[in-house]
Student: 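Got a structure for you, questions after.
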Amino acid sequence: MEKFSGKSIFKGIAIGKISFVSKDKQQVRRTKISDTAAEMKRYEDAKALAVEELNGLYEKAVKEVGEDSAEIFNVHAMMLEDDDFNDGVKDKIENQLVNAEYAVARTGDDFYEMFDNMEDEYFKARAADMKDIAERVISKLSGASGGINLTEPSIIVSEDLAPSETIQLDKEKLLAFVTELGSSNSHTAILARTMNLPALIGVKIDKEWNGKIAVVDGYSGSLVIEPDEETLAAYEKKQAEDLEKRALLKTLKGKETVSKSGKKIHLYANIGEPKDLANVIDNDGEGIGLFRSEFLYLGSEDFPTEEEQFAAYKKVAEAMGGKKVIIRTLDLGADKQVEYFNLGHEDNPAMGYRAIRICLDRTDIFKTQLRALLRASAFGNISIMYPMIISVNEVLQIKQIVNSVMDELEAEGVKFNRNIEQGIMIETPAAVIMSDELAKEVDFFSIGTNDLTQYTLAIDRQNSKLDNINDSHHPAVLRSIKTVVENAHKAGIWAGICGELGADTTLTETFLSYGVDELSVSPSFILGVRKAVRDCD
């Protein structure tokens, strides 16, 4: 028996035989050509076949995992039409006189390297997409056939998996994924979560595992190869209990999130973009407690326009049908860098030019977002939340800007909610200490425990060497939460938690005892937290 560790993408237990998928890159030879026009036609024909195939995959994915998760195949088709990509291929064919296969492979490598070297995880995840579309076109040029054929229920183990490979697998025979590469933001990881399949990344794989019995433990992030009888029996019992718990949690849909003693908690969802709404609705979220608006900026090559932002916010507001939707203004900087912002290098970006500091400095960007948010407030129950606050003066500046934007919209005859709820994130020790004064200026507090833990303990949460002392249960963190809630209630406003700690059911009873009014968690944790609240007395 051998045990290996990785990073869990979706929690659950899978037991079965390993099917090892070799990811040897297609061997592409460089050939000198003389007829560049004919070679370009070969490329265009292959690209057309690839786009046609992607359209078919999109239709298949819509039926199996929903429209939002299927969108990646539309994105791949658009990437194949990208001018920069096509110009790169054309340049190599016409100026280097090379065959189309080689031109596509080299261009794909160039784009892969460009994305992979970016600091932002969203863009790093796009590197795999570039590799996937290049390989697809090359296979059309060479006449190769792809796909993974499963003959029995299997745990797929591979260096990496492309979204197209994932969606083409026989779902009846797919038990789990284990890959060496990939990220939690990759589309394959997203598909794994959508399909409720245990999945691990970052596991050092071995082709000798092919055909061996294994266990994927998505709770501990473990892969067990050839478990002994005692271990296998323990995991079989755990798997049965896990399935039973999931079935029981589904019975909580539509029920109130209220403790045995009658304490009502608003249980909301954290989302990163509109396509996450399906998971919120499927898991019976009572609203959106944190909508991270920066996806609009991370996924764009230039500043998103007011209309683009308005459309996204309006879509979420309408989809939630009157339920609360709390949208956080852009939280860029630190670990979320966008090239066109030209933020520059910082020695300590976590404590640098980020979030509300950028907004108050570059008010043109801030006002564009505020106009879009306020306009969308006419179509649903939208609240606005401001991140990284450290002082009352910042809040007063924000209110002045918001009031000026409201006056502009009113003068233009644009409908919006003049009484829109506005709150702040409490994620710095300064905000905790000043929470009694801050509470007088806002409508609510939402405690961002991820950054609050980082700043309170002076521990960089990106530094894996400090994982053993990065304790979100530290008494200083818990006392801070209690202080914030007490000061909120003294001022007559509500206080919630939107950091990962909100989903920690070992603390649910503690949070209820503090008087926390709202918990906002990832959609997949909603029903588990509801059960924990309902079990509290």
Side-chain angles (χ1 to χ4, degrees), residues 118-124 270-273 290-310 312-313 326-376 382-406 408 420 422-431 434 438 441-442 445-448 450-452 454-455 460-462 498-499:
M118 291 182 179
E119 291 185 9
D120 186 83
E121 286 299 318
Y122 177 88
F123 288 110
K124 285 180 76 72
N270 297 336
I271 66 170
E273 48 191 309
L290 170 62
F291 177 22
R292 303 177 182 92
S293 66
E294 51 270 16
F295 87 95
L296 286 160
Y297 300 82
L298 293 170
S300 177
E301 294 180 1
D302 202 350
F303 296 100
T305 65
E306 180 183 326
E307 290 303 320
E308 288 171 335
Q309 295 190 59
F310 167 67
Y313 306 146
I326 302 174
I327 302 177
R328 181 178 69 187
T329 56
L330 72 92
D331 186 5
L332 294 174
D335 59 329
K336 296 190 284 284
Q337 296 289 327
V338 179
E339 189 175 342
Y340 59 83
F341 268 74
N342 297 314
L343 297 180
H345 173 75
E346 292 183 289
D347 290 332
N348 194 351
M351 295 188 181
Y353 187 61
R354 59 173 293 197
I356 201 65
R357 297 167 184 178
I358 296 174
C359 291
L360 292 177
D361 182 47
R362 302 175 70 172
T363 53
D364 55 328
I365 299 171
F366 193 30
K367 284 184 175 181
T368 298
Q369 181 170 35
L370 289 172
R371 282 181 61 91
L373 286 166
L374 289 168
R375 286 173 58 197
I382 285 179
S383 301
I384 305 177
M385 180 162 67
Y386 308 104
M388 236 357 230
I389 299 297
I390 63 169
S391 70
V392 173
N393 185 53
E394 285 175 332
V395 175
L396 295 176
Q397 288 183 65
I398 291 167
K399 290 170 78 171
Q400 187 176 19
I401 294 169
V402 172
N403 286 333
S404 71
V405 172
M406 285 182 171
E408 287 175 10
I420 190 169
Q422 298 178 73
I424 61 172
M425 288 189 72
I426 304 291
E427 47 193 335
T428 65
M434 294 302 297
L438 288 165
E441 301 295 337
V442 298
F445 287 154
S446 188
I447 304 167
N450 301 354
D451 269 333
L452 181 60
Q454 170 176 243
Y455 296 132
D460 179 3
R461 60 191 175 106
Q462 305 293 328
C498 66

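For clarity, every value in this text was computed on a predicted model and none was experimentally measured.
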Student: Quick test of your reading of the model: are Asp364 and Lys367 salt-bridged, counting only N-O distances below 4.0 Å?
Tutor: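 Salt bridge flag = no for Lys367 with Asp364.
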
Student: The criterion is ring-ring contact (aromatic ring centres under 6.0 Å, His included); which residues satisfy it with Tyr455, sequence neighbours excluded?
Tutor: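 For Tyr455 there are no ring-ring contact (aromatic ring centres under 6.0 Å, His included) partners, ignoring immediate neighbours.
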
Student: Not counting sequence neighbours, which residues clear side-chain contact (heavy atoms from CB on, under 4.5 Å) with Thr363? List them please.
Tutor: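 Checked Thr363 against side-chain contact (heavy atoms from CB on, under 4.5 Å); matches are Ile401.
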
Student: Excluding sequence neighbours, so at least two apart, what forms salt bridge (charged side-chain N to carboxylate O under 4.0 Å, His left out) with Glu306?
Tutor: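 Glu306 satisfies salt bridge (charged side-chain N to carboxylate O under 4.0 Å, His left out) with Arg371, Arg375 once adjacent residues are dropped.
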
Student: Let me confirm one number: the CD-CG distance from Glu408 to Leu370, rounded to the nearest 0.5 Å.
Tutor: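 CG of Leu370 is found 10.0 Å from CD of Glu408.
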
Student: Just do the side chain to side chain contact (heavy atoms under 4.5 Å, CB included) check on Phe366 and Leu330 with the steps written out, would you?
Tutor: CA-CA 8 Å; Phe366 193 30; Leu330 72 92; over 6 Å; no

Student: Salt-bridge test for Arg292 and Asp331: reply yes if a basic N is under 4.0 Å from a carboxylate O, no otherwise.
Tutor: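 Salt bridge: no.
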
Student: Once side-chain contact (heavy atoms from CB on, under 4.5 Å) is applied, do any residues pair with Cys498, and if so which ones, sequence neighbours excluded?
Tutor: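 Only Asn270, Leu290, Met425, Ser446, Ser520 meet the side-chain contact (heavy atoms from CB on, under 4.5 Å) criterion with Cys498.
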
Student: Does any N or O in the side chain of Thr428 come within less than 3.5 Å of the main-chain N or O of Ile389, such that one atom is a donor and the other an acceptor?
Tutor: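 Flag set: sc Thr428 to bb Ile389 pair under 3.5 Å.
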
Student: With sequence neighbours excluded, what pairs up with Ser383 under the side chain to side chain donor-acceptor pair (under 3.5 Å) test?
Tutor: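 Partners of Ser383 by the side chain to side chain donor-acceptor pair (under 3.5 Å) criterion, ordered by chain and then number, come out as Glu421.
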
Student: How long is the gap from CE on Met388 to CD1 on Ile358, to the nearest 0.5 Å?
Tutor: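 Between Met388 CE and Ile358 CD1, I get 10.5 Å after rounding to 0.5 Å.
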
Student: To the nearest 0.5 Å, what is the distance between CZ on Arg357 and CZ on Arg362?
Tutor: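 Arg357 CZ to Arg362 CZ: 16.0 Å, rounded to 0.5 Å.
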
Student: Minimum heavy-atom separation for Ile356 and Pro387, please, with both atom names.
Tutor: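 Closest approach of Ile356 to Pro387: CB-O, 3.2 Å.
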
Student: Is there a side-chain contact between Met385 and Ile327, using heavy atoms and a 4.5 Å cut-off?
Tutor: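 Result no, sub-4.5 Å side-chain heavy-atom pair not found.
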
Student: Nearest 0.5 Å please: distance from the OG1 atom of Thr329 over to the CD1 atom of Ile424.
Tutor: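 These two atoms lie 11.5 Å from each other.
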
Student: What residues form a ring-ring contact (aromatic ring centres under 6.0 Å, His included) with Phe291, not counting sequence neighbours?
Tutor: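 Only Phe295 meet the ring-ring contact (aromatic ring centres under 6.0 Å, His included) criterion with Phe291.
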
Student: Looking at residues at least two apart in the chain, or sitting in another chain, which of them share a side chain to side chain donor-acceptor pair (under 3.5 Å) with Tyr313?
Tutor: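 Result, side chain to side chain donor-acceptor pair (under 3.5 Å) vs Tyr313: Gln309, Gln369.
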
Student: Would you check, one step at a time, whether the test side chain to side chain contact (heavy atoms under 4.5 Å, CB included) holds for Leu438 with Phe445?
Tutor: CA-CA 9 Å; Leu438 288 165; Phe445 287 154; 4.1 Å; yes

Student: Within the structure provided, determine whether Val402 and Gln422 are in side-chain contact (heavy-atom separation under 4.5 Å).
Tutor: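 In contact.
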
Student: Can you find a pair of side-chain heavy atoms, one from Ile384 and one from Ile420, that are under 4.5 Å apart?
Tutor: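 Yes, at least one pair of side-chain atoms sits under 4.5 Å.
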
Student: So which pairs with a foot in residues 388-401 pass side-chain hydrogen bond (donor to acceptor under 3.5 Å, both in side chains), sequence neighbours left out?
Tutor: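 Sorted pair list: Lys399-Glu441.
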
Student: What residues form a side chain to side chain donor-acceptor pair (under 3.5 Å) with Asp361, not counting sequence neighbours?
Tutor: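 Applying side chain to side chain donor-acceptor pair (under 3.5 Å) to Asp361 gives Tyr353.
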
